[in-house]
Amino acid sequence: MTRATPGRPLRADARRNYDRILAAAETVFAEQGADGSLEEIARRAQVGSATLHRHFPSRRALLLAVFEDGIAALCARARALIDDDADPGAALTTWLRALAAYTVTHRGLSLSLLPSGPATDADDRCHVMLGEAGRPLLDRAQRAGAVRPDVAFADLLTLVTAIALATEATGDPAEAERLLALALTGIGVRPAASPSPR
């Protein structure tokens with residue numbers, strides 16, 4: 001799939017290079033995780049390292065570009081849950097479970113969601129998308145008394161990221177969901193149809 005890039009439209013040859021780099025990065029990150037070799041990505045994309053860095057000035061920018069489509073789908077899911085006027089606590093739980101499942105089964109995403117000092121606009125794009133989609137779910141759940149009032153959206157993202165990092169080696173969504181259910185109990189969410197403790 002071809003993603004949109006910020007700034008001026010790319011020339012046809014630059015667009016092909018951009019798409020090849022993303023396709024290669026998806027494969028390498030899936031195989032090797034977030035520390036996958038950028039040189040290997042450039043080799044598989046049949047471009048030079050300079051071309052890769054011209055399109056993606058940092059590893060983080062490349063990681064976030066790789067996962068942007070999936071993040072966009074998760075954001076659409078959050079908006080749909082609000083539009084459906086679902087139970088606020090259950091809606092937040094459903095969305096966080098979807099975020100955790102996606103994150104743990106896409107190696108490298110959890111690392112790309114961790115703060116890394118001052119972020120560029122490109123580096124922060126997925127965080128902004130997730131925040132705009134997820135905060136309304138959290139706000140609704142807090143107004144309904146389903147979540148403690150001192151919980152911030154950043155706390156939820158940190159919990160999901162930590163769970164994904166802890167389970168990334170096995171890529172086991174069931175273990176991630178079990179840990180998430182424990183975390184949600186701590187913040188006061190009433191998990192909906194969560195798995196039974198082992």
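When a residue number appears, it is its place in the shown sequence, counting from 1.
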**Q** Just do the side chain to side chain contact (heavy atoms under 4.5 Å, CB included) check on Leu38 and Leu62 with the steps written out, would you?
**A** CA-CA 10 Å; Leu38 296 182; Leu62 178 55; 3.9 Å; yes
**Q** If you measure from CG on Leu52 to CG on Leu22, what distance do you get to the nearest 0.5 Å?
**A** 9.5 Å
**Q** Over all heavy atoms of both residues, which pair between Ala100 and Leu180 is shortest? Give the atoms and the distance, please.
**A** CB-CD2, 4.0 Å
**Q** Taking Glu40 first and then Arg44, would you say they form a salt bridge - that is, a charged N and a carboxylate O separated by under 4.0 Å?
**A** yes
**Q** Nearest heavy-atom pair of Ala24 and Ile41: which atoms, and what distance?
**A** CB-O, 3.6 Å
**Q** Side chains of Thr94 and Arg97: any donor to acceptor distance under 3.5 Å?
**A** no
**Q** For the CG atom of Leu96 and the CG atom of Leu157, what is their distance to the nearest 0.5 Å?
**A** 9.5 Å
**Q** Quick one: side chains of residues 129-139, donor-acceptor pairs under 3.5 Å with protein atoms, not counting sequence neighbours, listed by atom name and distance.
**A**
none

**Q** So which atom in Trp95 and which in Ala78 form the shortest heavy-atom distance, rounded to 0.1 Å?
**A** NE1-CB, 3.4 Å
**Q** Between Glu175 and Ala166 (side chain of the first, backbone of the second, donor and acceptor by atom type, cut-off under 3.5 Å), is there such a pair?
**A** no
**Q** Just do the side chain to side chain contact (heavy atoms under 4.5 Å, CB included) check on Leu99 and Leu156 with the steps written out, would you?
**A** CA-CA 10 Å; Leu99 176 60; Leu156 300 182; over 6 Å; no
**Q** What is the minimum heavy-atom distance between Pro88 and Arg140, and which atoms define it?
**A** CB-O, 3.6 Å
**Q** Could you grab the distance from atom OG1 of Thr158 to atom CZ of Phe153, nearest 0.5 Å is fine?
**A** 10.0 Å
**Q** Examine distances only and state if a side-chain atom of Asp19 and a backbone atom of Arg16 form a donor-acceptor pair shorter than 3.5 Å.
**A** no
**Q** How long is the gap from CZ on Arg20 to NE2 on His55, to the nearest 0.5 Å?
**A** 9.0 Å
**Q** As an exercise, state the distance from CZ of Phe29 to CD of Glu26, rounded to the nearest 0.5 Å.
**A** 10.0 Å
**Q** Which heavy atom of Asp35 sits nearest a heavy atom of Arg59, and at what distance?
**A** C-NH1, 3.4 Å
**Q** List in chain and number order the residues that pass ring pair (Phe, Tyr, Trp, His ring centres under 6.0 Å) with Tyr102, two or more places apart in sequence or in another chain; answer none if no residue qualifies.
**A** His106
**Q** Are the side chains of Val147 and Leu92 in contact, using a 4.5 Å heavy-atom criterion?
**A** yes
**Q** Which heavy atom in Ile163 sits nearest to a heavy atom in Ala183, and how many Å separate them?
**A** CD1-CB, 4.4 Å
**Q** Could you tell me the separation between the CG atom of Leu179 and the CG atom of Leu184, rounded to the nearest 0.5 Å?
**A** 11.0 Å
**Q** Is the number of heavy atoms from other residues, nucleotides or ligands within 6.0 Å of CD (Glu31) greater than 12?
**A** yes
